[in-house]
Amino acid sequence: MNYRHAYHAGNPADCVKHALLVLLLRALTAKPKPLFVLDTHAGIGAYDLAGTEAGKTGEWRAGIGRLRHAPPPALADFIALTGTGDHYPGSPAIARALLRPQDRLALCELHPDDAATLKRRFARDPQVHVHRRDGYEALTALLPPPERRALVLIDPPFERVDEFATLAAALKAAHRKFPTGVYAAWYPVKHRAPVRDFIADIQARAIADVITCEILFREPLDPARLNGCGILIVNPPYGFESNALPVLEALRAILAEPDGASRITRLADA
Ligand SMILES: C[S@@+](CC[C@H](N)C(=O)[O-])C[C@H]1O[C@@H](n2cnc3c(N)ncnc32)[C@H](O)[C@@H]1O
């Protein structure tokens with residue numbers, strides 16, 4: 001396991017993921033019923049943009065650095081939640097900030113050091129449970145939750161060549177056990193072919209009510225670069241697509257190059 005999120009926290013793709021995560025959490029916490037949030041690939045929870053790792057890549061400057069400099073109204077909620085200064089939250093800190101007293105958060109992280117950091121961060125929080133375990137395995141082990149309402153974030157590092165296939169199979173298995181859960185799976189767009197295959201794989205698995213929200217930072221011509229990213233969402237909350245459109249557009253306007261693009265595509269009807 002070579003991937004460490006501290007090098008990439010707050011970069012453009014992280015901001016896309018977290019801005020949409022905030023929208024999903026806002027929609028799902030609008031109803032008073034308890035919500036279970038499962039973050040299968042959690043990282044260390046929050047990041048120091050002045051730290052050694054963030055300083056080595058400087059990736060955050062093109063992401064949250066730009067957004068904080070000129071925050072557009074559509075992103076105000078997300079940007080405010082990220083705080084100020086050198087602090088940048090990971091998905092666990094964002095989810096925790098939006099949890100109500102009746103909600104629970106389960107975090108899985110496999111890297112031993114990162115899992116230990118995450119455990120320390122939430123050690124005294126009775127609403128958060130940290131598991132040092134395989135997040136894919138946790139999908140079927142921890143679902144369905146007693147609350148019967150859940151948001152599941154699947155955010156793997158895409159270090160392995162078979163990650164897209166693993167992700168599609170894991171989603172299908174989780175959906176079979178818990179078909180009413182809301183699933184949000186992040187994926188990179190380096191070039192078009194692997195994404196096309198992933199989408200076709202998902203469509204072949206006959207899961208209903210699926211959309212993708214994608215941003216291309218530029219035309220995906222050089223597969224060595226992260227040219228964009230997407231989030232595939234199963235069972236998006238009511239009205240999510242119309243709320244997500246201006247958010248994606250605002251992200252594209254600030255984070256993408258002139259030949260970038262943003263779009264929401266419906267893959268399967270409800
Ligand atoms: C992209 S990062 C997660 C970032 C985090 N979700 C956020 O938005 O702040 C992916 C994380 O997954 C961890 N990881 C890799 N394989 C895993 C697995 N099979 N199960 C759980 N965690 C895993 C990595 O150590 C890394 O911390």
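FYI, side chains are in, hydrogens and waters are out, and symmetry mates aren't considered; it's all heavy atoms of this structure. Remember, predicted model here, so these are calculated numbers, not experimental data. Both counts, for ligands and for their atoms, begin at 1 and track the order of listing.
- In the model, Asp14 has a side-chain atom that pairs as donor or acceptor with a side-chain atom of His5 under 3.5 Å.
- Listed by number with element, the atoms of ligand 1 under 4.0 Å from a non-hydrogen atom of Thr40 are 21 (C), 22 (N).
- The closest protein non-hydrogen atom to atom 7 (C) of ligand 1 is Ser91 OG, 3.0 Å.
- The His111 neighbourhood of ligand 1 comprises atoms 25 (O), with distances under 4.0 Å to a heavy atom of that residue.
- Summarising the contacts of atom 13 (C) of ligand 1 with Glu109, Arg160, Glu159, the nearest heavy atom is found in Glu109.
- Note: the hydrophobic cluster containing Leu20 also contains Leu35 (ILVMFWY, side chain heavy atoms under 4.5 Å, direct or indirect links).
- The shortest side-chain heavy-atom distance between Leu118 and Pro92 falls under the 4.5 Å cut-off.
- With values rounded to the nearest 0.5 angstrom, Arg218 atom CZ is found 5.0 Å from Asn227 atom CG.
- With respect to Leu107, the side chain to side chain contact (heavy atoms under 4.5 Å, CB included) criterion is satisfied by exactly one of Thr40, Val37, Val130: Val130.
- Residue-ligand proximity, Tyr3 to ligand 1, at heavy-atom distances under 4.0 Å covers atoms 1 (C), 2 (S), 26 (C).
- In Ala42, the part holding a heavy atom less than 4.0 Å from any atom of ligand 1 is the backbone.
- Remark: ligand 1 atoms within the under-4.0 Å shell around heavy atoms of Gly90 are 9 (O).
- Taking atom 8 (O) of ligand 1 as the reference point, the nearest protein heavy-atom neighbour is His18 NE2, 2.8 Å.
- Contact annotation: Glu137 has no heavy atom less than 4.0 Å from any atom of ligand 1.
- Here is the list of ligand 1 atoms found below 4.0 Å of a heavy atom in Arg133: 20 (N), 21 (C).
- Residues Ile44 and Val128 are members of separate hydrophobic clusters, defined by side-chain heavy-atom contacts under 4.5 angstrom among Ile, Leu, Val, Met, Phe, Trp and Tyr.
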(message) side-chain contact (heavy atoms from CB on, under 4.5 Å) for Ile64 and Leu49? Distances and angles first, verdict last.
(response) CA-CA 10 Å; Ile64 194 62; Leu49 300 177; 3.9 Å; yes
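- Under the ring pair (Phe, Tyr, Trp, His ring centres under 6.0 Å) test applied with His41, the options Tyr136, Phe158, Tyr3 reduce to a single match, Tyr136.
- There is no side-chain donor-acceptor pair under 3.5 Å between Tyr187 and Glu163.
- No side-chain heavy atom of Thr212 sits less than 4.5 Å from a side-chain heavy atom of Ile264.
- Of all atoms in ligand 1, listed by their number and element, those nearer than 4.0 Å to a heavy atom of Gly43 are 27 (O).
- The proximity of His41 to ligand 1, defined as any non-hydrogen pair under 4.0 Å, involves the side chain as well as the backbone.
- At under 3.5 Å, a nitrogen or oxygen of Leu110, whether backbone or side chain, sits near a nitrogen or oxygen of ligand 1.
- Distances below 4.0 Å separate heavy atoms of Asp155 from the following atoms of ligand 1: 1 (C), 2 (S), 3 (C), 4 (C), 5 (C), 6 (N), 7 (C), 8 (O), 10 (C).
- Below 3.5 Å of separation, one finds an N or O of Gly135 facing an N or O of ligand 1.
- Residue contacts with ligand 1, taken as heavy atom pairs separated by less than 4.0 Å, do not involve His8 at all.
- Close contacts between ligand 1 and Asp134 involve ligand atoms 18 (C), 19 (N), 20 (N) [criterion: under 4.0 Å to a heavy atom].
- Under a hydrophobic-cluster definition in which Ile, Leu, Val, Met, Phe, Trp and Tyr are linked whenever side-chain heavy atoms come within less than 4.5 Å, directly or via other members, Leu245 and Phe240 are assigned to the same cluster.
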